[in-house]
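Just below is one structure, and these are the notes that go with it.
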Amino acid sequence: MRRFHYSWIILSVTFLAIIVAGIIRSSSGVFIVPFEKEFGWERPVISLAFAISLFLYGLSGPFMAALIEVLGIKKMMILAMATLLSGIVLTFFMQDSWQLILIWGVIIGLGSGLFLTVLSPYVANRWFIKRRGLAVGILTASTATGQLILLPVLAWITEAYSWREAISLVLFLCLGMFVIILVFMKNSPMDIGILPYGSENEEPIESSAEKKNPIIMAFQGLIEAIKAKEFWLLAGSFFICGLSTSGLIGTHFIPVCISFGIPAVTAAGLLSFMGIFDLIGTTASGWLSDRFDNRWLLFWYYGLRGLSLLLLPYALFEGSTTLLIIFSIFYGLDWIATVPPTIGISRQVFGIEKSGIIYGWIFAAHQAGAAAAAFGGGMIYKVLSSYTWAFLISGLFCLVASLFVLVIKKQEAPAILKGHTVKG
């Protein structure tokens with residue numbers, strides 16, 4: 001038992017928490033058509049609510065990082081999960097579209113912000129010295145794991161009963177996760193008198209965090225970041241990453257399948273199939289990011305994703321189940337694989353202590369892209385009655401992103417291990 005490190009418990013709790021937050025976010029595609037039918041809301045209005053959610057949870061990232069520095073990881077996870085719980089409960093009582101925007105756009109957007117933005121790198125940086133890239137890969141992949149397990153279940157419950165029963169399942173999961181966080185989560189290895197996993201330093205890790213204003217801390221990080229060319233290249237490529245994943249596929253894949261006569265449960269099954277391969281691909285990406293040039297990893301990830309999105313309209317028009325399965329595998333392997341090397345580069349460029357807040361701003365760009373695709377996809381469908389141009393534009397942007405990352409100056413590998421001081 002002495003060989004078992006509590007870092008793996010922390011990793012497991014964080015993994016489960018991100019699963020719950022991830023399924024709430026990815027379930028938006030399941031509810032678009034039911035909300036249209038029951039409330040009579042137009043698709044651009046529903047898309048706007050989900051777009052606001054994507055944008056706010058991304059924009060909140062650097063502020064969540066700063067709040068972690070002030071309040072600690074455990075308190076922030078409790079507050080964020082409580083916010084998600086309140087949003088889920090309020091969903092049962094909504095009647096007007098402005099309430100959808102408030103609940104799913106603002107409350108759930110802010111509640112999911114911590115779990116889906118900066119939590120993974122913070123946990124990996126504080127609890128791991130060795131296997132840090134692998135830890136980030138596992139935590140990043142957890143968003144797909146929730147999708148893998150639960151999206152088809154939510155789609156089936158929605159079709160067999162109603163969206164309210166599906167939301168009830170999500171509420172139960174939130175309550176269970178709230179209890180798990182209360183019992184098992186810790187802020188840092190210091191809380192239980194141990195060193196981070198893989199640390200060979202026998203000295204206690206001292207806290208260097210000061211009780212600063214989190215808003216000031218967040219903007220100080222941004223001011224420093226914008227002076228670096230690498231920040232703009234990472235933010236630009238991550239904008240395109242969000243544009244081509246959660247904003248477009250995550251929000252509109254199920255509705256576009258329905259428009260081609262594919263049942264919602266089958267479409268959700270294809271998304272969960274992507275989740276299987278994303279779990280594999282993102283975990284492998286974390287392992288690779290510890291060993292290879294992160295810039296070239298991103299080059300291949302964005303390039304291959306772009307090609308898969310250019311293939312998707314053809315597969316839908318042909319009605320080819322085989323091509324859709326191939327797309328699901330190919331795209332799934334690459335869905336969130338960009339995150340570990342992006343975190344790796346930001347850590348190398350800005351250092352461990354500053355990278356949390358700066359990565360939060362980079363992720364804000366990711367969610368700005370996601371919000372643009374979520375709303376833009378709905379508008380394109382309303383005007384053209386088709387999503388084809390949305391997929392083609394997104395695919396071409398991915399090819400551009402593959403060139404952005406190569407402009408980043410190569411960093412020395414040892415820079416990853418600089419600055420082991422852990423705040424908290």
Side-chain angles (χ1 to χ4, degrees), residues 25 50-66 105 109-110 112-122 136 140 143 215 217-251 282 294-295 297-299 301-302 305-306 309 334-350 354-377 393-409:
R25 271 296 322 132
F50 297 143
I52 291 172
S53 176
L54 288 165
F55 178 70
L56 278 184
Y57 99 64
L59 183 63
S60 69
F63 301 98
M64 295 294 178
L110 292 175
S112 58
L114 172 72
F115 299 105
L116 304 179
T117 57
V118 298
L119 184 60
S120 296
Y122 261 93
V136 170
T140 303
T143 56
I215 296 177
M217 292 174 66
F219 281 107
Q220 283 177 340
L222 177 62
I223 291 170
E224 180 170 348
I226 60 176
K227 299 174 184 178
K229 176 185 70 175
E230 291 84 357
F231 171 80
W232 293 104
L233 292 169
L234 288 172
S237 62
F238 233 34
F239 177 93
I240 295 170
C241 181
L243 185 85
S244 57
T245 52
S246 55
L248 184 60
I249 297 296
T251 304
T282 306
N294 287 189
R295 302 171 309 145
L297 292 177
L298 289 174
F299 170 82
Y301 296 161
Y302 283 121
R305 182 189 299 171
L309 286 169
D334 197 3
W335 186 312
I336 323 178
T338 54
V339 174
T342 300
I343 291 175
I345 292 174
S346 64
R347 189 190 301 128
Q348 293 167 13
V349 172
F350 301 105
K354 298 176 182 177
S355 64
I357 290 175
I358 293 175
Y359 173 72
W361 285 110
I362 293 170
F363 196 88
H366 181 283
Q367 292 311 109
F375 180 67
I393 292 170
S394 180
L396 291 173
F397 268 115
C398 285
L399 298 180
V400 173
S402 68
L403 301 178
F404 276 9
V405 294
L406 289 185
V407 180
I408 298 172
K409 183 179 179 182

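The chain is numbered in sequence order, starting from 1. Only this structure's heavy atoms are used, side chains among them; waters, hydrogens and symmetry mates stay out.
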- Centroid-centroid distance, Y302 to F397, less than 6.0 Å: no
- Task: Look only at the side chain of W335 and the backbone of T282, and say whether a donor-acceptor pair between them is shorter than 3.5 Å.
- Result: no
- Message: Just so I know, are the side chains of I358 and V349 near enough to count as touching, which here means a heavy-atom distance under 4.5 Å?
- Response: no
- S237 side chain near L298 side chain, heavy-atom distance below 4.5 Å: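 Answer no - side chains too far apart.
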Identify the heavy atoms of [X] and [Y] that sit nearest to each other, and give their distance.
{"X": "A365", "Y": "A235", "answer": "CB-O, 3.4 Å"}
{"X": "A372", "Y": "L243", "answer": "CB-CD1, 4.3 Å"}
{"X": "V118", "Y": "M64", "answer": "CG2-CB, 4.1 Å"}
{"X": "I357", "Y": "G221", "answer": "CG2-CA, 4.2 Å"}
{"X": "A374", "Y": "L54", "answer": "CB-CD1, 3.6 Å"}
{"X": "S60", "Y": "L110", "answer": "CB-CD2, 4.1 Å"}

Roughly how far, to the nearest 0.5 Å, is [atom2] of [Y] from [atom1] of [X]?
{"X": "S394", "Y": "L248", "atom1": "OG", "atom2": "CG", "result": "5.0 Å"}
{"X": "L59", "Y": "I52", "atom1": "CG", "atom2": "CD1", "result": "12.5 Å"}
{"X": "L233", "Y": "R295", "atom1": "CG", "atom2": "CZ", "result": "11.0 Å"}
{"X": "F55", "Y": "F375", "atom1": "CZ", "atom2": "CZ", "result": "14.0 Å"}
{"X": "T245", "Y": "L309", "atom1": "OG1", "atom2": "CG", "result": "9.5 Å"}
{"X": "R305", "Y": "D334", "atom1": "CZ", "atom2": "CG", "result": "5.0 Å"}

- Aromatic rings F363 and H366: how do their planes relate, parallel, tilted or perpendicular, breaks at 30° and 60°?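 The arrangement is parallel - the two ring planes meet at less than 30°.
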- Item | Listed partners of F50 passing ring pair (Phe, Tyr, Trp, His ring centres under 6.0 Å), at least two apart |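 In terms of ring pair (Phe, Tyr, Trp, His ring centres under 6.0 Å), with neighbours along the sequence ignored, F50 is linked to W104.
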- Query: Passes side-chain contact (heavy atoms from CB on, under 4.5 Å), I240 versus C398? Steps please.
  - Reply: CA-CA 6 Å; I240 295 170; C398 285; 4.2 Å; yes
- Take I345 and F350, measure what side-chain contact (heavy atoms from CB on, under 4.5 Å) needs, and give me the verdict at the end. CA-CA 8 Å; I345 292 174; F350 301 105; over 6 Å; no
- Residue among F238, W232, F219, F239 satisfying ring pair (Phe, Tyr, Trp, His ring centres under 6.0 Å) with W361: F219
- Query: Out of L234, T117, I343, which residue meets the side chain to side chain contact (heavy atoms under 4.5 Å, CB included) rule with Y359?
  - Reply: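 Checked L234, T117, I343 against Y359; only one passes side chain to side chain contact (heavy atoms under 4.5 Å, CB included): I343.
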